[in-house]
Enquirer: 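One structure is given below, represented as structure tokens, and several questions about it will come after.
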Amino acid sequence: MKTFTQLSLAASAIAMASNAQAQDTEPGNQDPILVTGTHLEAPVVAGKTAIPMLETPQAISVVSADDIEARGVTRLSEALRTVAGVSRSTTYGFYDAYTIRGFDAAYGSVYLDGLVNEAGVGFNQELSAVEQVEVLKGPSSMLFGQAPLGGLINLVSKRPREEAFLKVTASTGSWNLVESTVDANAPLNAAGTLLGRINLTYRDADSFVRNAGINRIFVAPAITWRPGPDTTLTVLGRYQRDHDSPISPIPAYGTVLPGLVSIPDDFAINNAGSQRVVNNRDRIQAGYIFDHRFSEVLNFSQTLRYTRRKEYWNRWMFAAGFIDADGNYSDEPTNTIGRYFYGPYNATDKDFAVDSRFTGKFHTGSITHEWLGGIDYRQNRSTYFSAGDYDPTHFPLNIANPDYDEVYDTSFVQGAPGGSKAHQTGIYLQDHLKFGDFATVTLGGRYDWAEAAGQKDDAFSPRIGATVKLATGVNAYASWSKSFLPQLYSQQVVGFDADGNPIGGPVPPERGKNIELGVKFAPDGTRLSGSLAIYQLTRQNVTTSDPVYLDFSVVTGEQRARGIEAELQWQPIGGLSLNLAYTFTDAKVTKDNFFTVGAPLSNVPRHNIGAFAQYEVQEGPLAGLGATLGVSYNSRRNGDIYSVNPDGSVLLWLPAYALVDAGLSYRRDGWGLQLTVANLFDESYFPDTGGIDRVTPGNPRNWRLTLSRTF
């Protein structure tokens, strides 16, 4: 009842305030702010062409840097709260993780400037150097190759601009937050053909969870060279150093489910002092974006990036059942938690990716063809040493009286080195046919070759779509597409030897199909834009345990998601705007020999609502005074697909929750002051879970105060 009362209060208040994308995009601009919706007439970087979103037969959402700043957030999961179709997934409650359209996209879904960023590993993206966040929903394999079925997220780097500016911020807040950012831009020569920009961030904070905290140093330089009117080269670099003491999720028994002892949300699984968990990362990236226009009808672009990542963690503890009075493992809750010990872990990863593409235009009669053709390649090399002790009885932790200073006995820790190499090559071609201003048809296909662990895979990924103009600024669209995801580390039985023992062989790639219908609208002169999409995604060739040969897999699994997504951006008057998103998702298992058919997929709310509002006084003595209000609501979610009973009943439901965020701001003569309060009503909630032993508590009420100066 508390959840719905808060939601009703927030919904009433939203009528008074609102957010969307500010046209005050230049840091030095002190004009009154005007807030608008998503620019559907503009293309997105992840589209790889100049086709505007209104003509793209795919649901796409954009969150700008101004949106992120107005909300006072630093985590990608928080920035995506008003994107329909996106909800929280889990990677230990510490890394960025999402479901998109009902399917887990925690790994391999985040791209940077159109190239995959940190594929296959957990990571927390830095938003201070991001110009906008683009969310492409549904299969995107036609343009990007192997990718999660639900969609992907593309971060667009801040790049140099022609005018000089400098913006500096200093922030403090809950849990001893200390943060500072610098965004500096300037022409580097008198002709203006050489431009430079650098973003710097320092962030240090504790956590509401005991014995946890983060520390980050981030540097992102960029230089743009324009030797002529038709050529642009932008060199981009990134350095990120994280020295963290991460949180670990807590058991469901004692939190979401009844337990012998209640576990508070701030309960730490990890120790303190010299036994504190460490997770250190050093990451260097260097690359470029090159564009050249040969003529009005032919262009070439290339994006390239190299990444070197070093990671070390140790003493990272995870809950693993309970320990009884005799020191034995117990599935039933007791007053003592068992723990796994992870570490030490050392890894070095080297990633290389390059995407080269031509775009052009030609006519056949009255039909205009805007074509795209390209080839991309990506490679990952990894070496690591991984160790741990996975006997939970070695590391008991009393819930009521935890001893966080107890010295770990690591005599049973064992580990081994390892390494891997994987690469993928893809060739793609797309033709966007325009029939005047009435209709478009988009035809595309891509062929991929992937290899890892001595196994090879290949697949063809098509996409067909069309848009029809219903009115000026209003288009209906339909699309059909397929996704491709190799399963190179699984094997199925392909035969038997002379003694009757099974022989393993590769399994086919996981495939996905998407059927989608929708409407996009941005009528001229209405200050209104938005979209509505209805879709069905089917995930096929899902590996599941072989019921006869337990060391092998079979590919009989299938999962399906059906949903409705709606987004609306509206500016009724200058300085006042509203951003709303609603999602309905029905995601479940449709075929399997292990999971219960009909079981809802984990971490997927059936109903999801996001709203954010901003108002800034435009004139008079109070000009520059602003207020924000945000609301997010998630219905209950299945927390553990493994625990769904054969009759379809769910053991672990994560309760529904509603969060309300609010803020005040004031800016004048280049100065700015912003106060935001997240989870205003101090709701206790659990946004995601990795299973019965790994439930993530949500942040309690917290505040953030930022002082900024723009020169």
Side-chain angles (χ1 to χ4, degrees), residues 103-104 107-108 119-121 141 145-149 320 329 340 342 345 347-350 377-391 412-426 446-461 482-513 538-560 589-597 599 601 641-644 646 691:
F103 292 105
D104 192 2
Y107 299 108
V121 297
S141 289
Q146 64 183 76
L149 169 61
Y329 175 82
Y340 289 150
Y342 283 74
Y345 176 86
T348 299
D349 284 85
K350 298 178 181 179
Y377 173 81
R378 67 192 196 195
Q379 180 188 93
N380 168 264
R381 294 174 180 265
S382 175
T383 58
Y384 62 87
F385 176 86
S386 181
D389 180 354
Y390 310 117
D391 185 337
F412 295 98
V413 170
Q414 295 182 346
S420 64
K421 177 182 177 182
H423 61 86
Q424 174 188 317
T425 303
R446 175 186 173 112
Y447 206 90
D448 279 286
W449 298 265
E451 182 176 355
Q455 295 180 234
K456 298 181 179 181
D457 218 336
D458 59 271
F460 177 69
S461 304
K482 295 185 70 174
S483 70
F484 147 73
L485 191 64
Q487 304 184 97
L488 298 173
Y489 297 97
S490 297
Q491 288 200 328
Q492 63 180 343
V493 176
V494 296
F496 299 89
D497 62 19
D499 297 324
N501 298 313
I503 299 173
V507 301
E510 187 179 290
R511 300 307 306 257
K513 296 180 181 179
T538 305
R539 182 185 178 195
Q540 298 174 315
N541 290 351
V542 179
T543 56
T544 185
S545 298
D546 189 316
V548 178
Y549 304 101
L550 302 182
D551 292 333
F552 296 89
S553 299
V554 292
V555 288
T556 57
E558 182 183 271
Q559 300 170 1
R560 187 187 66 209
V589 176
T590 49
K591 295 179 183 179
D592 210 282
N593 60 12
F594 180 80
F595 295 125
T596 302
V597 173
L601 301 185
I641 193 173
Y642 290 89
S643 299
V644 176

Enquirer: List the atom of Asp592, the atom of Gly557, and the distance in Å for their closest heavy-atom pair.
Expert: OD2-CA, 4.2 Å
Enquirer: Could you tell me which residues satisfy salt bridge (Lys or Arg N to Asp or Glu O under 4.0 Å) with Asp448, sequence neighbours excluded, listed by chain and number?
Expert: Arg446
Enquirer: Restricting to side chain to side chain donor-acceptor pair (under 3.5 Å), what partner residues turn up for Ser382, sequence neighbours left out?
Expert: Asp349
Enquirer: Can you tell me how far CZ of Phe103 sits from CG of Leu601, rounded to the nearest 0.5 angstrom?
Expert: 6.0 Å
Enquirer: Check whether Ser483 reaches the backbone of Leu149 with its side chain - one donor and one acceptor, N or O, closer than 3.5 Å.
Expert: no
Enquirer: Is the closest side-chain heavy-atom distance between Val494 and Gln492 below 4.5 Å?
Expert: yes
Enquirer: Sequence neighbours excluded and cut-off under 3.5 Å, please list the side-chain donor-acceptor pairs for residues 496-508, or say none.
Expert:
| from | atom 1 | to | atom 2 | distance (Å) |
| --- | --- | --- | --- | --- |
| Asp497 | OD1 | Asp499 | N | 3.0 |
| Asp497 | OD1 | Gly500 | N | 3.0 |
| Asp497 | OD1 | Asn501 | N | 2.7 |
| Asp497 | OD2 | Asn501 | ND2 | 3.4 |

Enquirer: Taking all non-hydrogen atoms of both residues, which atom of Thr590 and which atom of Arg560 are closest, and how far apart?
Expert: CG2-CB, 3.8 Å
Enquirer: Using the salt bridge (charged side-chain N to carboxylate O under 4.0 Å, His left out) rule, collect all pairs that involve residues 500-510, keeping only residues at least two apart or in two chains.
Expert: Glu510-Arg539
Enquirer: Checking Tyr329 now: which residues fulfil ring-ring contact (aromatic ring centres under 6.0 Å, His included) with it, not counting sequence neighbours?
Expert: none
Enquirer: Any idea how Tyr642 and Phe594 line up, ring-wise: parallel (<30°), tilted (30 to 60°), or perpendicular (>60°)?
Expert: perpendicular
Enquirer: Kindly write out the residues that satisfy ring-ring contact (aromatic ring centres under 6.0 Å, His included) with Phe412, not counting sequence neighbours, or none if the list is empty.
Expert: His394
Enquirer: Taking side chain to side chain donor-acceptor pair (under 3.5 Å) as the definition, give me every residue that meets it alongside Ser386, ordered by chain and number, with sequence neighbours left out.
Expert: none
Enquirer: Which atoms form the tightest heavy-atom contact between Gly108 and Pro148, and what is the distance?
Expert: O-CD, 3.6 Å
Enquirer: Working to the nearest 0.5 Å, report the span between OH of Tyr107 and CG of Leu485.
Expert: 14.0 Å
Enquirer: Looking at every non-hydrogen atom in both residues, tell me the closest pair between Asp391 and Tyr340 and how far apart they are.
Expert: N-CD2, 4.3 Å
Enquirer: Under the side chain to side chain contact (heavy atoms under 4.5 Å, CB included) rule, collect the residues that match up with Pro486, sequence neighbours excluded.
Expert: Gln146, Ala450, Asp457, Phe484, Leu488
Enquirer: If every non-hydrogen atom of Gly419 is compared with every non-hydrogen atom of Tyr384, which pair is closest and at what distance?
Expert: N-CE2, 3.5 Å
Enquirer: Identify, with sequence neighbours excluded, every residue that meets side chain to side chain contact (heavy atoms under 4.5 Å, CB included) alongside Thr596.
Expert: Ala599, Val644
Enquirer: Below 4.5 Å, heavy atoms only, C-beta onward: do Pro417 and Thr383 meet side chain to side chain?
Expert: no
Enquirer: Tell me every residue that passes side chain to side chain contact (heavy atoms under 4.5 Å, CB included) with Tyr377, counting only those two or more places apart in sequence or in another chain.
Expert: Phe352, Val354, Gln379, His423, Thr425
Enquirer: So, using side chain to side chain contact (heavy atoms under 4.5 Å, CB included) as the criterion, who are the partners of Lys513 when residues are at least two apart?
Expert: Lys482, Gln540
Enquirer: Does Tyr342 have any ring-ring contact (aromatic ring centres under 6.0 Å, His included) partners at least two apart in sequence or in another chain, and if so, which?
Expert: Phe318, Tyr390
